[in-house]
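Since this is a predicted model, take the numbers as computed values, not measurements. Just the heavy atoms: all of them, side chains too, but no hydrogens, waters or symmetry mates, feed the values below.
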Amino acid sequence: MKCTVISDENGKILAIGPEPGPVPSVEGEGPPLWHEIQPLEGQTAQIVDVPDDLLNDPERLAKLHETHRLRGGSVEAVSDLGTD
């Protein structure tokens, strides 16, 4: 699934959220709202495919910043992360 991934300059995942896009208003009337998470200074945001098995497992998703990095436009498992 396409998601917005916020990372630091080393690819450490700091946040993950939905792909930017319209969201229907709560009342269902009127124009849709727009949602998009924005990086802070020194961070980057990329729209990448995140494997469904990661997104569907709350425990793995909670540890994504410890087990994966953003590299070359994809989320990659990393075995030796060192001490960040």
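Counting heavy atoms from C-beta on, the side chains of Thr44 and Pro39 never come closer than 4.5 Å. Side-chain contact check for Lys12 versus Arg69: some heavy-atom pair is nearer than 4.5 Å.
With Asp57 contributing its side chain and Asp53 its backbone, the two residues share no donor-acceptor pair below 3.5 Å. Between the side chain of Glu66 and the backbone N or O of Lys63, no donor-acceptor pair lies under 3.5 Å.
Here the closest non-hydrogen pair linking Pro18 and His35 is CG-CE1, 3.3 Å.
Its side chain within the 4.5 Å cluster rule, Val5 clusters with Met1, Ile13, Ile16, Val48, Val50, Leu54, Leu55, Leu61, Leu64, Leu70, Val75 among the Ile, Leu, Val, Met, Phe, Trp and Tyr residues.
For Pro20, the side chain to side chain contact (heavy atoms under 4.5 Å, CB included) criterion is met by Thr4, Trp34, Glu36, Ile47, not counting sequence neighbours.
In this structure, the separation between CG on Asn10 and CZ on Arg71 is 9.5 Å, given to the nearest 0.5 Å.
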